[in-house]
Every structure is written in C-alpha cells, then in structure tokens.
A.B. asks: 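I'd like to ask some things about the structure below.
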Amino acid sequence: MSDTTPDTYRAVSLTRLDRGAFRVTNAAGGTIDVGVTESDFTPVELLLAALAGCAAINVEELTSRRAEPTSFDVVSEGHKGRDDTGSRMTDLRLLFDAVFPEGEAGDAARAILPRVLAQTHDRICTVSRTVGLGSDVAYELAPEAP
C-alpha cells in the first residue's frame with residue numbers, strides 16, 4: 001500500500017453501477033459517472049478533462065489577479081491509438097482561449113498569459129507533469145476479507 005500521509009495522499013474510489021457503468025467518488029463526496037454509454041465520460045475523456053482542469057485552475061488563478069476574464073475556455077485534445085506497446089494517447093494539446101477586458105488590467109492579464117502557460121506546463125500542473133514525465137501505475141488486488 002502507498003503512503004497515505006495526509007499532506008500528499010490523494011485518492012478516489014470507483015464503484016460499479018451496472019455493466020459498463022461506474023461512479024467515481026472523491027473524499028469530499030463529489031461524484032462523476034464514467035462508462036461506455038453515450039452520455040458517460042469515458043476514461044480517456046476524464047484524462048483530457050483532468051489535463052484541462054488542472055491547467056485552467058492554475059492559469060485562471062494567476063491571470064484573474066490582474067483582470068477577470070470575459071470568457072475563458074480550454075480545449076483538451078489528442079489522438080487515441082495503438083502501437084506495438086499497446087493503447088495510449090499521443091499528441092496531447094491544450095488550447096486556451098482567454099479573453100480579458102480592454103484597459104490596463106486586461107492588458108496586464110494578456111501580457112502574463114504566455115509566461116503563465118509556460119510555468120503551468122513546466123512546473124505547476126501536477127496532471128500534465130505526471131503524464132509528461134511518466135509515472136508507473138501499479139495494478140494490485142485488494143487483500144481478501146477474512
């Protein structure tokens with residue numbers, strides 16, 4: 001079992017609801033459904049959402065200190081493929097479309113946006129850094145109940 005130190009430990013749990021339908025629950029009780037039906041998020045879409053969400057939270061926090069955006073959208077995309085090593089996502093990209101109001105505050109937010117994107121990519125966003133640097137994922141069976 002991994003270290004569950006409160007300052008660093010993060011976890012979600014997944015429960016099967018039906019064939020191909022699952023619910024993910026976080027420590028605060030928030031839920032999101034994942035599965036294979038048209039309305040469910042697929043696991044790959046959740047990965048893309050995690051990339052966009054992590055980066056957007058950081059970029060929005062830093063730029064909105066200068067000016068509140070009038071619109072703020074992020075498209076997270078990539079290609080799902082298979083090669084000799086198995087299935088994976090390639091060519092991952094986050095496309096930011098942030099619009100700030102005219103004036104000095106908006107100019108300041110626009111001016112720092114390229115630097116904030118670079119910092120988010122290079123050191124701030126835990127999700128994209130984990131994907132980019134790679135991290136092994138252990139698959140283990142839970143101990144059997146007595």
Side-chain angles (χ1 to χ4, degrees), residues 1-17 20-142:
M1 176 174 225
S2 63
D3 181 14
T4 58
T5 305
D7 290 345
T8 62
Y9 183 73
R10 306 291 187 275
V12 296
S13 62
L14 179 140
T15 301
R16 182 179 186 265
L17 302 173
F22 304 88
R23 179 160 294 142
V24 180
T25 305
N26 67 13
T31 63
I32 188 165
D33 291 345
V34 57
V36 296
T37 68
E38 287 185 28
S39 62
D40 290 333
F41 278 90
T42 68
V44 169
E45 290 168 336
L46 289 176
L47 172 65
L48 294 171
L51 288 165
C54 183
I57 288 168
N58 291 304
V59 171
E60 187 269 342
E61 178 184 352
L62 295 170
T63 58
S64 67
R65 291 178 186 171
R66 274 89 177 157
E68 282 294 314
T70 55
S71 69
F72 191 101
D73 299 296
V74 181
V75 174
S76 181
E77 61 187 14
H79 293 275
K80 182 179 177 186
R82 176 179 277 280
D83 60 19
D84 293 342
T85 65
S87 298
R88 65 186 178 112
M89 290 294 293
T90 60
D91 303 320
L92 295 168
R93 180 174 85 138
L94 298 176
L95 179 62
F96 285 79
D97 186 7
V99 178
F100 297 95
E102 293 300 318
E104 191 175 320
D107 291 345
R110 278 186 291 280
I112 68 161
L113 192 53
R115 180 172 53 92
V116 168
L117 287 175
Q119 289 175 330
T120 299
H121 173 271
D122 294 344
R123 64 180 184 86
I124 299 173
C125 179
T126 303
V127 176
S128 65
R129 288 193 39 76
T130 301
V131 169
L133 294 172
S135 178
D136 192 32
V137 178
Y139 285 62
E140 301 174 5
L141 288 173

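Being a predicted model, the structure only gives us computed values, none of them experimental.
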A.B. asks: In a table with atom names and distances, give each donor-acceptor pair under 3.5 Å that connects a side chain of residues 93-100 to protein atoms at least two apart or in another chain.
C.D. replies:
unit_1	atom_1	unit_2	atom_2	d
R93	NE	E77	OE2	2.7
R93	NH2	E77	OE2	2.6

A.B. asks: Applying salt bridge (charged side-chain N to carboxylate O under 4.0 Å, His left out), name anything that partners E61, two or more places apart in sequence or on another chain.
C.D. replies: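 With sequence neighbours excluded, E61 shows a salt bridge (charged side-chain N to carboxylate O under 4.0 Å, His left out) to R65, given in chain and number order.
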
A.B. asks: Out of curiosity, D83 CG to T90 OG1, how far, rounded to the nearest 0.5 Å?
C.D. replies: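 With rounding to 0.5 Å, CG (D83) is 9.0 Å from OG1 (T90).
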
A.B. asks: Name all pairs fulfilling the salt bridge (Lys or Arg N to Asp or Glu O under 4.0 Å) condition that reach into residues 25-39, sequence neighbours left out, sorted by first residue then second.
C.D. replies: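 Pairs touching residues 25-39 that pass the test: R23-D33.
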
A.B. asks: Got a second to check how far I32's CD1 is from N26's CG, nearest 0.5 Å?
C.D. replies: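 With rounding to 0.5 Å, CD1 (I32) is 10.0 Å from CG (N26).
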
A.B. asks: Could you grab the distance from atom CD of E68 to atom OG1 of T63, nearest 0.5 Å is fine?
C.D. replies: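 Nearest 0.5 Å value for the CD-OG1 distance: 8.5 Å.
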
A.B. asks: Drop me the distance from K80's NZ to D91's CG, to the nearest 0.5 angstrom.
C.D. replies: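 K80 NZ to D91 CG: 15.5 Å, rounded to 0.5 Å.
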
A.B. asks: Is there any salt bridge (Lys or Arg N to Asp or Glu O under 4.0 Å) pair reaching into residues 44-59, and which pairs are they, with sequence neighbours excluded?
C.D. replies: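 Residue pairs with at least one partner in residues 44-59: there are none.
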
A.B. asks: Under the side-chain hydrogen bond (donor to acceptor under 3.5 Å, both in side chains) rule, collect the residues that match up with R82, sequence neighbours excluded.
C.D. replies: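 Scan of R82 (side-chain hydrogen bond (donor to acceptor under 3.5 Å, both in side chains), adjacent residues dropped) gives S87.
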
A.B. asks: Minimum heavy-atom separation for S76 to A52, with atom names?
C.D. replies: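 Nearest pair, atom of S76 first, then A52: CB-CB, 3.7 Å.
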
A.B. asks: Indicate the atoms forming the closest heavy-atom contact of A108 with R66, along with that distance.
C.D. replies: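 Closest heavy-atom pair between A108 and R66: CB-CG, 3.6 Å.
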
A.B. asks: Provide the closest heavy-atom pair for T126 versus C54 in the form atom of the first, atom of the second, distance.
C.D. replies: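 Shortest heavy-atom separation between T126 and C54 comes out as N-SG, 3.5 Å.
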
A.B. asks: Give me the atom names and distance for the closest heavy-atom approach of F22 to G20.
C.D. replies: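 Scanning both residues completely, I find the closest heavy atoms to be CE1-C, 3.8 Å.
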
A.B. asks: Any chance you could measure E102, atom CD, to T70, atom OG1, to the nearest 0.5 Å?
C.D. replies: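 Spacing of CD (E102) from OG1 (T70) equals 9.0 Å.
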
A.B. asks: Test of understanding: with side-chain hydrogen bond (donor to acceptor under 3.5 Å, both in side chains), list the residues that count as partners of S135, not counting sequence neighbours.
C.D. replies: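 None.
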
A.B. asks: Taking atom CZ of F72 as the centre, report whether more than 12 heavy atoms of other residues, nucleotides or ligands fall under 6.0 Å from it.
C.D. replies: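 It does: F72 CZ has more than 12 such atoms within range.
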
A.B. asks: Give me the one residue out of L62, V59, V116, I57 that meets side chain to side chain contact (heavy atoms under 4.5 Å, CB included) with I124.
C.D. replies: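 For I124, the side chain to side chain contact (heavy atoms under 4.5 Å, CB included) check succeeds only for L62.
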
A.B. asks: What is the distance from atom CD1 of I112 to atom CG of L117, rounded to the nearest 0.5 Å?
C.D. replies: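 If I round to the nearest 0.5 Å, the distance is 9.5 Å.
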
A.B. asks: How close do R129 and D122 get, counting heavy atoms only, and between which atoms?
C.D. replies: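 Residues R129 and D122, closest heavy atoms: NH1-O, 2.7 Å.
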
